[in-house]
Amino acid sequence: MIVAIDGPSASGKGTLARGLAKALGFAYLDSGSLYRAVAAKLLAAGFDPNDAAVAEQVARAISPDDLERPDLRSEAVAQAASRVAALPPVRAALLAFQRDFAKRPPGATGGAVLDGRDIGTVVCPEAEVKLFVTASAEERARRRSKELIEKGESGIYARVLKEMRERDDRDTARSHAPLVAAADAVEIDTTDKDANAVLAIALAVVAEKRKSFRRD
Ligand code: C5P
């Protein structure tokens with residue numbers, strides 16, 4: 001079974017994806033870390049994240065080890081990731097990695113959970129379960145600034161909200177694989193819900209899907 005989870009940053013999709021993978025015993029891929037790894041490697045080598053030719057080369061050479069880089073979570077890398085993510089050759093280069101993971105999840109598990117922006121629409125349109133996780137921009141900025149402050153970084157709310165809106169705009173407005181809910185996705189608004197409540201909703205969707213499998 002493939003579970004595809006899409007949504008904007010700080011919507012709670014990563015927490016949900018990890019929780020679901022653990023509860024179901026599935027492998028988990030945070031596809032955003034692929035785009036972040038490309039961006040981090042470009043920035044570290046002094047390249048412009050809008051340089052499509054170099055970014056494509058870097059994307060083609062991405063390995064699982066790159067996803068463990070300690071610099072992936074910075075705001076500078078997040079912004080650069082949404083720039084490289086708008087380049088079609090970069091997206092094409094990262095597609096095989098994601099589809100392989102979904103088809104042959106590591107660890108011989110019974111399935112895979114992938115989260116990102118285009119998992120249900122482009123990477124795994126055949127996924128049995130598709131979830132689209134949202135929350136208000138204000139709530140997402142509040143969560144993100146709390147996270148930054150906990151890490152000892154500057155988390156000024158107004159700046160975080162502004163940068164989040166810029167990234168949302170780039171991710172939804174790009175012509176190639178924009179952030180959009182698949183027509184058959186179940187939408188979960190996490191604005192007023194904690195992680196356990198969101199996980200319970202998602203587990204109910206998975207259980208319902210398994211029941212309909214058995215009926216078919
Ligand atoms: O999910 P995360 O915030 O780590 O993703 C970083 C950036 O990578 C996003 O802003 C988006 O531009 C890009 N991304 C994407 N498609 C995905 C996952 C992430 O375009 N499937």
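Keep in mind that this is a model prediction, so the values were computed, not measured. Each ligand, and each atom within it, is numbered from 1 in the order the structure gives.
Looking at F47 and K41, their side chains never come closer than 4.5 Å, going by heavy atoms from C-beta outward. In this structure, L203 and L24 have side chains that are in contact, with non-hydrogen atoms separated by less than 4.5 Å. Side-chain contact between Y35 and L94 is present, with at least one heavy-atom pair separated by less than 4.5 Å. Residues T190 and V133 meet the side-chain proximity criterion, which asks for heavy atoms closer than 4.5 Å. Between P8 and R140 the shortest side-chain heavy-atom distance falls below 4.5 Å. By the 4.5 Å heavy-atom criterion applied to side chains, E153 and R73 are not counted as neighbours. A heavy-atom distance below 4.5 Å is not found between the side chains of E56 and P88.
Not a single heavy atom of R83 lies less than 4.0 angstrom from ligand 1. Residue R170 places every heavy atom at 4.0 Å or more from ligand 1.
In terms of polar-atom proximity, R36 is counted as a contact of ligand 1, with an N or O under 3.5 Å from an N or O of the ligand. The N/O atoms of S9, backbone and side chain alike, include none that comes under 3.5 Å of an N/O atom in ligand 1. The N/O atoms of D115, backbone and side chain alike, include none that comes under 3.5 Å of an N/O atom in ligand 1.
Residue-level proximity to ligand 1 for E166 is absent, since no heavy atom of it falls below 4.0 angstrom.
For the salt bridge (Lys or Arg N to Asp or Glu O under 4.0 Å) criterion with D171, the lone passing option out of R117, R165, R83 is R117.
Of the protein's non-hydrogen atoms, A85 CB, 3.6 Å is the one closest to atom 13 (C) of ligand 1. Ranking protein heavy atoms by distance to atom 18 (C) of ligand 1, first place goes to S31 OG, 3.3 Å. Of the protein's non-hydrogen atoms, D171 OD1, 2.6 Å is the one closest to atom 12 (O) of ligand 1. Looking at atom 8 (O) of ligand 1, its nearest protein heavy atom turns out to be Y35 CB, 3.5 Å. Protein heavy atom at the shortest distance from atom 6 (C) of ligand 1 is R167 NH1, 3.5 Å.
Short contacts between ligand 1 and K13, defined as distances under 4.0 Å to a heavy atom of the residue, involve ligand atoms 1 (O). Residue G116 approaches ligand 1 through these ligand atoms, each under 4.0 Å from one of its heavy atoms: 17 (C), 18 (C), 21 (N).
For the residues R91, H176, Q98, R117, the heavy atom positioned nearest atom 20 (O) of ligand 1 is part of R91.
Taking every heavy atom of both residues into account, L114 and A112 meet most closely at CD1-CB, 3.9 Å.
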